[in-house]
Student: 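For reference, the structure I am asking about is given below.
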Number of protein chains: 2
Amino acid sequence: MFVENEKHITIQALHRMPYYLQKLRELKNEGVEVISAPKIAQMLNLNEVQVRKDFAAVSDSKGKPKAGFSVLELISQMEELLGFNNTDDAVLVGVGSLGHAFLAYKGFEEYGLNIVAAFDLNPEFIGREISGKIILPADKISEMCFRMGIHIGIITVPEEQAQKVCDQLVAGGVLAIWNFAPVHLSVPENVLVKNENLAASLAVLSKHLKEKMKNL
Amino acid sequence: MFVENEKHITIQALHRMPYYLQKLRELKNEGVEVISAPKIAQMLNLNEVQVRKDFAAVSDSKGKPKAGFSVLELISQMEELLGFNNTDDAVLVGVGSLGHAFLAYKGFEEYGLNIVAAFDLNPEFIGREISGKIILPADKISEMCFRMGIHIGIITVPEEQAQKVCDQLVAGGVLAIWNFAPVHLSVPENVLVKNENLAASLAVLSKHLKEKMKNL
DNA sequence: TAGATTGTTAATCGATTAACAATC
DNA sequence: TAGATTGTTAATCGATTAACAATC
């Protein structure tokens, strides 16, 4: 069977989407109804062909020569693509300072993520509640994920524990893992790991700074 | 003048470094003194040539044919490259739930980042302390950064305020900005913005999940 | 009509991967 | 020596950018 309408969207393009979306919402609030790719490109400091291709990748609706694209249509198609419209349930493992923070963070809901439970190894934390989410013992991960039909796991444990926790999540049927531990996780090929690499980001900043300071 | 020994390291390579470093530290703890690129590649699920090139980019010391690379040397050279050895001071702007979290997060220090002060617009927060860091009014950003010689700013404000805060940081002499607001920031060309894109990461997870569930 | 903008094909660029001689 | 591994040059791959005809 030949799949005709399967849109190919690169991961790089996906990462540009939130910035398009933010700008489009801003334009909408200013009452702008139609916008051209070159104008968006200039505002976001991108190449105009890239913007046109990105827009083509999200939306079936076409732009109008001389005018541009419908702001409202782009917004709703991007929200759909980014999954902001439908909410996914997730669990979080590791209630250290970063995990604690994420439990309290309101922003994830806006992006369509709902943390329904948290786990930790430390018996001191177990049974406590953070932002209305109860903390359960880590040895219940697989069972709970399976029972609640959870398919997203967030890992905020120290590096030594990350792989073990990951295995438990996978055993519980989790298919997508958001990993904040600076460790490579081994998973079966149908499971996706999205690594969040705060150390590397900081290294980028620190390197830039070092070079700038050298020139002063 | 001709610069011979200026190492070129791509941003992609830099992002792989924390994973090398973690694995190398693990090997060190197991008493391993020398490791080959193909073995590391296998452990981290990377291409072996890529590993060799990455190692060559960080270290002047060469690997030994048939043996491999010195684990200890690689560790210290990577720590140096990633800036884990020297600490940079930074300020944080926006003490909402994410900003609050970061102030409490212990992990940044390990990566060589020290948050020395926080700012917020909300008068309710001002003067309060979080993890020993005092919260100052946002209109003092430029002055304080300048006076304290701060060159790194972390932005955790809502999107509407991000550009303004960014301008204040730049006015105060900040040269590197870690931006958690899903907004494109306009800065002078000598200033670096490193965008942290939680919404995009979540979209990657959510998209993967949707495709997997479709096939069940 | 003239001109801005679109969509698409071709060229460029940069990173990854393959191939292979040199080395211990 | 034989063979694993290195460092490097060449080929491949994929994303970005340039060029340009089609359109309103």
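We name chains A, B, ... by the order of the sequence lines, and we start the count at 1 in each one.
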Student: Nearest 0.5 Å please: distance from the CG atom of Leu81(A) over to the OG atom of Ser206(B).
Tutor: 9.0 Å
Student: Quick one: Phe69(B) CZ to dT23(C) C1', roughly how many Å, whole number?
Tutor: 13 Å
Student: Could you state the CD1-C1' distance from Ile9(B) to dG14(C), rounded to the nearest angstrom?
Tutor: 16 Å
Student: Less than 4.0 angstrom between a side-chain N/O of Lys39(A) and OP1 or OP2 of dT5(C), yes or no?
Tutor: yes
Student: Please give, in whole Å, the distance from dC24(D) C1' to Lys62(A) NZ?
Tutor: 15 Å
Student: Return the nucleotide paired to dA22(C): Watson-Crick means purine N1 to pyrimidine N3 with N6-O4 or O6-N4, wobble means G-U with N1-O2 and O6-N3, both under 3.5 Å.
Tutor: dT5(D)
Student: Tell me which nucleotide among dT8(C), dT5(C), dT16(D) gets nearest to the side chain of Pro65(A).
Tutor: dT5(C)
Student: Would you mind telling me which of dT6(C), dT16(C), dT16(D) lies closest to the side-chain atoms of Gln50(B)?
Tutor: dT16(C)
Student: Could you tell me the separation between the CG atom of Asp54(A) and the P atom of dG7(C), rounded to a whole number of Å?
Tutor: 12 Å
Student: Could you go through the salt bridge (charged side-chain N to carboxylate O under 4.0 Å, His left out) check for Lys23(B) and Glu159(A) one step at a time?
Tutor: CA-CA 10 Å; Lys23(B) 184 55 78 180; Glu159(A) 19 187 284; over 6 Å; no
Student: I want to verify a distance call: between dT17(D), dT6(C), dT6(D), whose nearest atom is closest to the Val49(A) side chain?
Tutor: dT17(D)
Student: Rounded at 0.5 Å granularity, tell me how far CG in Asn86(B) sits from CG in Leu209(A).
Tutor: 9.5 Å
Student: If I take atom CG in residue Asn47(A) and atom C1' in nucleotide dT6(C), what distance separates them, rounded to the nearest angstrom?
Tutor: 14 Å
Student: Quick one: His8(A) NE2 to dT16(D) C1', roughly how many Å, whole number?
Tutor: 13 Å
Student: Ignoring hydrogens and angles, are the base of dT6(D) and the side chain of Lys53(B) linked by a donor-acceptor pair under 3.5 Å?
Tutor: no
Student: Of all the nucleotides listed (dA19(C), dT6(C), dA4(D)), which has the minimum atom distance to the side chain of Lys66(B)?
Tutor: dA4(D)
Student: Side chain of Ser142(A), backbone of Gln168(A): donor and acceptor closer than 3.5 Å?
Tutor: yes
Student: Please tell me which of Lys64(A) and Ile11(A) maps to the more 5' nucleotide of DNA chain D, matching each residue to the nucleotide holding its nearest heavy atom.
Tutor: Ile11(A)
Student: Measure from CD on Gln12(A) to P on dG14(C) and round the result to the nearest Å.
Tutor: 15 Å
Student: For the side chain of Arg52(B), starting at C-beta, report the closest nucleotide among dT5(C), dT6(D), dG7(C).
Tutor: dT6(D)
Student: Using Watson-Crick or G-U wobble geometry with both distances under 3.5 Å, which nucleotide pairs with dT17(D)?
Tutor: dA10(C)
Student: Under 4.0 Å, heavy atoms only, any strand: does Ala13(A) hit a base, just the sugar-phosphate, or nothing?
Tutor: nothing
Student: Expressed in angstrom and rounded to an integer, what is the separation of Phe55(A) atom CZ from dT8(C) atom C1'?
Tutor: 17 Å
Student: Assuming nearest nucleotide by heavy-atom distance, tell me which of Ala67(B) and Thr10(A) is located more 5' along DNA chain D.
Tutor: Ala67(B)
Student: Taking all heavy atoms of His184(A) and all of Gln163(A), pick out the closest pair and write down the distance.
Tutor: O-OE1, 3.9 Å
